[in-house]
Number of protein chains: 2
Amino acid sequence: MQLLNSSQYAIRILSYIANNREKSLYNAKELAEILSIPYKFLTKIMTDLVKAEFIISIRGRDGGYKLSKPASDVTVIEILDIFNEFVNYEQCVLGIGKCDGEHKCAMHDRWIEPKNLIQKMFEETTLENLEGRDFKLC
Amino acid sequence: MQLLNSSQYAIRILSYIANNREKSLYNAKELAEILSIPYKFLTKIMTDLVKAEFIISIRGRDGGYKLSKPASDVTVIEILDIFNEFVNYEQCVLGIGKCDGEHKCAMHDRWIEPKNLIQKMFEETTLENLEGRDFKLC
DNA sequence: ATCAAATACTACTAAAAGGTAGAATTAAAA
DNA sequence: TTTTAATTCTACCTTTTAGTAGTATTTGAT
């Protein structure tokens with residue numbers, strides 16, 4: 001019951017960039033240090049974010065990364081989709097396929113409410129909403 | 001954002017046994033077939049359940065498995081604990097350690113409500129509550 | 001005693017996630 | 001034009017989870 005490290009890192013990275021507008025570009029080295037993410041793993045994730053068009057990268061000396069769109073346009077669920085998380089809304093908590101009115105898994109009824117809440121949270125939370133938080137390790 | 005296969009299987013197995021009181025013992029072969037769980041993987045999980053004292057096993061010919069305690073005494077969260085899931089209540093959704101009033105992760109406030117709901121659900125749901133559901137693949 | 005049918009144990013393989021290493025590419029600056 | 005600092009690419013290694021194979025052990029029935 002936890003998000004993939006990749007997803008967690010991606011949210012923290014995008015969230016950090018979105019809420020520190022002083023600089024126009026952030027490079028991998030400083031992001032890795034500030035956010036306590038292994039450098040090489042971070043660069044891999046950045047490439048994913050570039051390919052998914054959430055981030056624009058500037059290569060070469062003095063290059064770096066920046067958001068490709070306004071923070072208010074990026075929802076958490078879109079970030080999760082990059083890593084194929086939480087895509088199967090219909091998937092039941094016991095992983096036995098689609099749960100509907102006819103076929104319910106053992107926990108179906110009890111899972112609906114929290115599932116909908118989480119889904120709503122991920123859909124409605126944008127990078128803008130994540131402002132003013134700590135990003136380092138607690 | 002999904003339970004481990006082991007946890008899912010364990011819940012389905014215990015839930016099935018709890019709600020089919022006709023027989024006093026269930027063997028691995030029939031459980032594997034009825035619940036669509038790979039036989040060898042199921043026997044491994046059964047051994048875990050026996051060691052965790054949720055299941056009593058009878059070895060030898062005509063042996064099998066049965067619950068070690070009343071269905072109403074077994075909560076879902078206890079089952080998850082066998083596989084070390086959902087033990088860290090304090091763990092935040094972005095996996096950056098303890099989130100408290102002073103140090104909040106980027107999603108802290110939004111995560112509290114669904115997290116508490118899920119926790120409550122796992123704590124309050126017993127095998128008895130899972131009665132009357134389908135257990136096969138939908 | 002032997003057989004048959006069951007669980008338990010040991011060890012392995014496969015797939016996915018997490019992470020690392022090093023070279024290639026890009027582009028500004030000296 | 002060379003250096004330098006950045007991203008990108010390819011390939012690999014490690015850990016965890018998932019699943020499989022084969023043997024040993026147990027025990028009731030014949």
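Note: hydrogens, waters and symmetry copies are ignored here, and every other heavy atom, side chains too, is used. Below, read A as the first sequence line, B as the second, and so on, with proteins coming before strands; counting in each chain starts at 1.
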request  = Answer yes or no: is there a side-chain heavy-atom contact under 4.5 Å between B:M46 and B:S57?
outcome  = no
inquiry  = For a quick test of reading the model: is some side-chain N or O of A:S57 closer than 4.0 Å to OP1 or OP2 of D:dT8?
reply    = yes
message = For a quick test of reading the model, state the closest non-hydrogen atom pair linking A:E78 to A:D73 and the distance between them.
response = OE1-O, 3.4 Å
task = Indicate whether OP1 or OP2 belonging to D:dA18 is found under 4.0 Å from a side-chain N or O atom of B:S6.
result = yes
query = Could you give the CD1-to-C1' distance, from B:I37 to D:dA18, as a whole number of Å?
reply = 13 Å
ask   = What is the distance from CZ of A:R61 to P of D:dT8, rounded to the nearest Å?
value = 18 Å
ask   = Is the shortest side-chain N/O distance from A:N27 to OP1 or OP2 of D:dA6 below 4.0 Å?
value = yes
key: Side-chain donor or acceptor of B:S68 paired with backbone N/O of B:F54 under 3.5 Å   = yes
message = What I want to find out is whether A:K120 reaches B:E113 closely enough, with some N-O distance under 4.0 Å, to be called a salt bridge.
response = no
key: Between C1' of D:dG19 and CZ of B:F41, the distance in whole Å   = 6 Å
request  = Round to a whole Å and report the spacing from OH of A:Y39 to P of D:dT8.
outcome  = 10 Å
inquiry  = What is the separation between atom CZ on B:F83 and atom P on D:dT17, rounded to the nearest whole Å?
reply    = 11 Å
request  = Please test A:L31 against A:I37 for side-chain contact (heavy atoms from CB on, under 4.5 Å), starting from the C-alpha separation and ending with a verdict.
outcome  = CA-CA 8 Å; A:L31 290 174; A:I37 299 172; over 6 Å; no
request  = Could you tell me whether the side chain of A:R59 has a donor or acceptor atom within less than 3.5 Å of a complementary atom in the base of D:dT8?
outcome  = no
request  = Using chain B heavy atoms and a threshold of under 4.0 Å, write down where along DNA chain C the contacts begin and end, 5' to 3'.
outcome  = C:dA4 to C:dA11
inquiry  = If I take atom CG in residue B:N5 and atom C1' in nucleotide D:dG19, what distance separates them, rounded to the nearest angstrom?
reply    = 10 Å
task = For B:K29, report the nucleic acid contact type (base, sugar-phosphate, nothing); a contact means any heavy atom under 4.0 Å.
result = nothing
request  = Quickly work out the A:I45 CD1 to D:dT8 P distance and round it to whole Å.
outcome  = 14 Å
Contact nearer the 5' end of DNA chain D, comparing A:G63 with A:K51 = A:G63
request  = Between B:K44 and A:L4, name the one whose nearest nucleotide on DNA chain C is closer to the 5' end.
outcome  = B:K44
query = For B:D62 and D:dT30, what is the distance between atoms CG and C1' respectively, to the nearest whole Å?
reply = 13 Å
query = Same cluster for A:L80 and A:L117 if Ile/Leu/Val/Met/Phe/Trp/Tyr side chains link at under 4.5 Å?
reply = no
ask   = Considering only heavy atoms from C-beta outward, does the side chain of A:E123 approach that of A:T75 to under 4.5 Å?
value = no
ask   = Should A:I58 and A:Y16 be regarded as members of a common hydrophobic cluster, given that ILVMFWY residues are connected when their side-chain heavy atoms come within less than 4.5 Å of each other, either directly or indirectly?
value = no
ask   = Counting only N and O atoms by type, is there a donor-acceptor contact under 3.5 Å from the side chain of A:E85 to the main-chain atoms of A:L4?
value = yes
ask   = So do the side chains of A:I55 and A:I13 get within less than 4.5 Å of each other, counting heavy atoms only?
value = no
task = Note down the inter-axis angle between the two ends of the helix from C:dA1-D:dT30 to C:dA30-D:dT1, five pairs each, to the nearest 10°.
result = 20°
ask   = Think A:K40 has a side-chain N or O under 4.0 angstrom from the OP1 or OP2 of D:dT14?
value = no
